[in-house]
Asker: 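First, the structure itself, so that you have it in front of you.
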Amino acid sequence: MSEIKKAEKIAGVKGMNDLLPDDAPLWELFENTVQSVLKSYGFQQVRTPIVEPTNLFARGLGEVTDVVEKEMYSFEDSMNGDKLTLRPEGTAGVVRSAIEHNLIYDGPRRLWYTGPMFRHEKPQRGRYRQFHQVGAEALGFTGPDIDAELIMMCQRFWDDLGLDNVRLELNSIGDAEERNQHKAALITYFEQHQDILDAEAKRRLLSNPLRILDTKNPAMQEMVNAAPKLLDYLGAESLAHFEGVQKILRHNSIPFTINPRLVRGLDYYNRTVFEWVTDDLGSQGTVCAGGRYDALFGIFGGKPTPACGFAMGIERLLELMKANGDVHQPAMCDVYLVHQGVEAQMQAMVLSERLRDAGLDVVLHCATANGVGSFKSQMKKADGSGAAYAVIIGEDEANNNTVSIKELRAGDAENNQVNVPFDTAVDYLVDQIAGSAESDCCDDPGHHHVHH
């Protein structure tokens with residue numbers, strides 16, 4: 001008989017990672033923290049599709065940007081020939097949606113989104129081909145106040161996530177006319193230093209000279225540092241707006257540095273741009289970037305609408321949280337249910353549902369290929385679950401209509417096991433767990449699940 005050939009294993013796509021159960025609590029902590037902060041500022045969630053028409057990004061991001069030229073996952077829909085792209089960022093889709101559904105007609109909106117983005121770049125620590133972002137977009141507000149509010153909201157994220165090694169860099173890139181004057185001055189300046197420009201810079205010289213300021217090439221640093229500064233070309237209105245943002249930040253004790261080389265490769269940005277950077281992730285230091293993009297609605301065919309927003313990379317912020325070392329692993333459940341025998345299993349099923357009705361998290365021991373397993377092996381599982389209590393129903397308990405409740409985190413204390421009537425087990429456990437939640441509420445606000 002011919003041997004059955006073992007099927008070949010299939011691996012995931014390079015740079016696209018699985019979120020494994022051990023990391024899920026950290027993601028949840030991050031997402032819950034960020035969502036509650038966004039809600040506290042009146043932001044509403046919007047969910048746009050992961051796939052958008054390719055020309056949304058070609059138009060929004062500009063044909064000559066790195067993202068559009070080299071990094072987008074674009075394809076033709078074989079069913080109907082549509083040209084589609086996996087979204088490389090979130091803002092374009094949110095603005096498209098706001099225009100399509102006329103979201104701003106009755107006044108400004110504060111919106112936020114979260115989800116996967118896709119870029120075909122070289123995967124590295126904290127940078128993946130499928131990566132996740134949280135972003136906020138404030139649509140329809142003109143003043144420096146909303147710019148400052150977005151920045152202060154970011155500061156609240158870092159405080160609530162326990163990150164104290166993130167600092168704010170700020171700049172203004174003025175309006176289109178001011179940028180054009182500066183751009184002309186830049187081109188003239190760079191042309192005078194042709195001999196120092198590398199191939200990449202020469203390529204960008206006429207298409208997007210601002211990006212030369214971003215260069216990482218050490219041989220060009222000195223020349224680039226002496227280049228004309230955009231701040232010197234700002235008019236009175238742009239300067240007043242920038243001063244307004246700084247004034248609010250100072251008044252609220254938010255420290256920042258003005259970084260005149262902070263630019264945006266995308267044409268639709270104007271006035272305020274900001275980045276939150278850290279030194280704890282190696283060379284790639286930006287964890288959150290934002291700014292004003294008053295021109296984007298017009299570029300997408302909507303009526304002119306002022307807008308300001310930011311996006312942050314979740315994977316990078318999780319790296320920072322891990323580096324800080326203060327990552328609390330919550331237990332999997334409050335109660336682990338151990339049972340032996342047919343009748344006991346029936347009662348365990350009923351009790352586990354009643355405990356869940358009372359707001360507790362319960363893991364019920366279930367059979368595997370090797371059967372249900374001995375009491376000893378089940379107790380080992382109970383211990384490993386992180387549960388505070390094991391509830392045991394054996395044949396004796398099943399016959400007497402009682403349950404045994406064992407405290408699993410009692411240290412060396414003897415007599416940490418009690419027998420209670422089946423019908424009072426729920427009340428007993430809720431009292432125990434709610435009681436301990438009150439006594440240790442000061443050091444661990446996050447864990448206990450009893451819903452009052």
Side-chain angles (χ1 to χ4, degrees), residues 12-19 27 30-31 34-35 38 43-101 103 109-124 126-139 150 264-269 284 286-291 293 295-302 305 307-318:
V13 178
K14 183 181 177 183
M16 303 197 180
N17 300 332
D18 300 308
L19 164 58
W27 280 77
F30 176 87
E31 287 168 346
V34 166
Q35 286 194 31
L38 284 156
F43 281 74
Q44 298 172 291
Q45 191 179 16
V46 57
R47 297 191 188 197
T48 63
I50 286 172
V51 177
E52 294 274 5
T54 298
N55 69 0
L56 182 75
F57 302 112
R59 201 193 299 178
L61 303 177
E63 302 277 5
V64 293
T65 55
D66 278 359
V67 175
V68 172
E69 281 182 337
K70 304 201 275 267
E71 294 171 5
M72 292 200 325
Y73 281 94
S74 298
F75 58 96
E76 194 170 294
D77 182 342
S78 60
M79 306 286 182
N80 60 7
D82 288 349
K83 291 188 164 44
L84 303 176
T85 294
L86 294 179
R87 61 184 184 195
E89 54 94 53
T91 302
V94 171
V95 170
R96 180 218 26 90
S97 177
I99 294 170
E100 195 169 325
H101 304 288
L103 289 182
R109 288 274 189 141
R110 290 175 169 86
L111 303 174
W112 72 274
Y113 62 85
T114 184
M117 308 292 161
F118 302 84
R119 292 191 186 185
H120 198 288
E121 53 185 346
K122 196 169 136 237
Q124 61 196 71
R127 277 223 154 175
Y128 306 105
R129 288 178 176 178
Q130 174 175 320
F131 59 101
H132 296 76
Q133 285 185 339
V134 171
E137 316 289 0
L139 309 178
L150 284 165
R264 283 284 173 270
L266 307 177
D267 288 346
Y268 57 74
Y269 280 98
Q284 287 292 344
T286 304
V287 292
C288 174
Y293 51 93
L296 192 56
F297 273 78
I299 291 172
F300 284 164
T305 303
C308 188
F310 64 77
M312 54 192 182
I314 300 182
E315 281 87 351
R316 291 187 157 183
L317 287 161
L318 295 181

Asker: Please test Phe43 against Arg109 for side chain to side chain contact (heavy atoms under 4.5 Å, CB included), starting from the C-alpha separation and ending with a verdict.
Answerer: CA-CA 8 Å; Phe43 281 74; Arg109 288 274 189 141; over 6 Å; no
Asker: Take Ile314 and Phe131, measure what side chain to side chain contact (heavy atoms under 4.5 Å, CB included) needs, and give me the verdict at the end.
Answerer: CA-CA 8 Å; Ile314 300 182; Phe131 59 101; over 6 Å; no
Asker: To the nearest 0.5 Å, how far apart are CZ in Phe75 and CG in Leu86?
Answerer: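 Reported to 0.5 Å precision, the distance equals 5.5 Å.
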Asker: Over all heavy atoms of both residues, which pair between Ser74 and Thr85 is shortest? Give the atoms and the distance, please.
Answerer: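 Taking every non-hydrogen atom into account, OG-OG1, 2.8 Å.
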Asker: Before accepting this row, confirm whether a basic side-chain N of the pair Arg87/Glu52 lies closer than 4.0 Å to the acidic partner's carboxylate O.
Answerer: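 Salt bridge: no.
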Asker: For the pair Phe118 and Tyr73, name the ring-plane relationship: parallel under 30°, tilted 30 to 60°, perpendicular over 60°.
Answerer: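 Ring orientation of Phe118 relative to Tyr73: perpendicular.
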Asker: Please give me the minimum heavy-atom distance between Leu150 and Ala138, naming the atom from each residue.
Answerer: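 Here Leu150 and Ala138 meet closest at CD1-CB, 4.4 Å.
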Asker: Could you tell me which non-hydrogen atom of Leu139 sits nearest to which non-hydrogen atom of Ala98, and how far apart they are?
Answerer: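 Scanning both residues, the minimum pair turns out to be CD1-CB, 3.9 Å.
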Asker: Looking only at heavy atoms, what is the nearest atom pair of Arg129 and Lys14, with distance?
Answerer: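 Here Arg129 and Lys14 meet closest at CD-O, 3.4 Å.
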Asker: Search all heavy atoms of Ala307 against all heavy atoms of Phe297 and return the closest pair with its distance.
Answerer: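 Smallest interatomic distance, heavy atoms only, reads CB-CE1, 4.3 Å.
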Asker: Side-chain donor-acceptor pair under 3.5 Å between Glu137 and Thr91, yes or no?
Answerer: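 Yes - a donor-acceptor pair under 3.5 Å links their side chains.
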Asker: Say you draw a straight line from CD1 of Ile50 to CE of Met117; how long is it, rounded to the nearest 0.5 Å?
Answerer: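 Interatomic distance, Ile50 CD1 to Met117 CE, rounded to 0.5 Å: 8.5 Å.
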Asker: Donor-acceptor pair, Asn80 side chain versus Asp82 backbone, under 3.5 Å?
Answerer: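 Confirmed, Asn80 side chain pairs with Asp82 backbone.
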Asker: Please give me the minimum heavy-atom distance between Gln130 and Pro116, naming the atom from each residue.
Answerer: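 For Gln130 versus Pro116, the nearest heavy atoms are NE2-CB, 3.7 Å.
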Asker: Please lay out, stage by stage, how Tyr128 and Glu315 fare under the test side chain to side chain contact (heavy atoms under 4.5 Å, CB included).
Answerer: CA-CA 9 Å; Tyr128 306 105; Glu315 281 87 351; 3.8 Å; yes
Asker: Could you walk me through whether Leu317 and Phe30 pass the side chain to side chain contact (heavy atoms under 4.5 Å, CB included) test, one step at a time?
Answerer: CA-CA 9 Å; Leu317 287 161; Phe30 176 87; 3.9 Å; yes
Asker: How many angstroms lie between atom CD of Gln133 and atom SG of Cys288, to the nearest 0.5 angstrom?
Answerer: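 That separation rounds to 9.5 Å.
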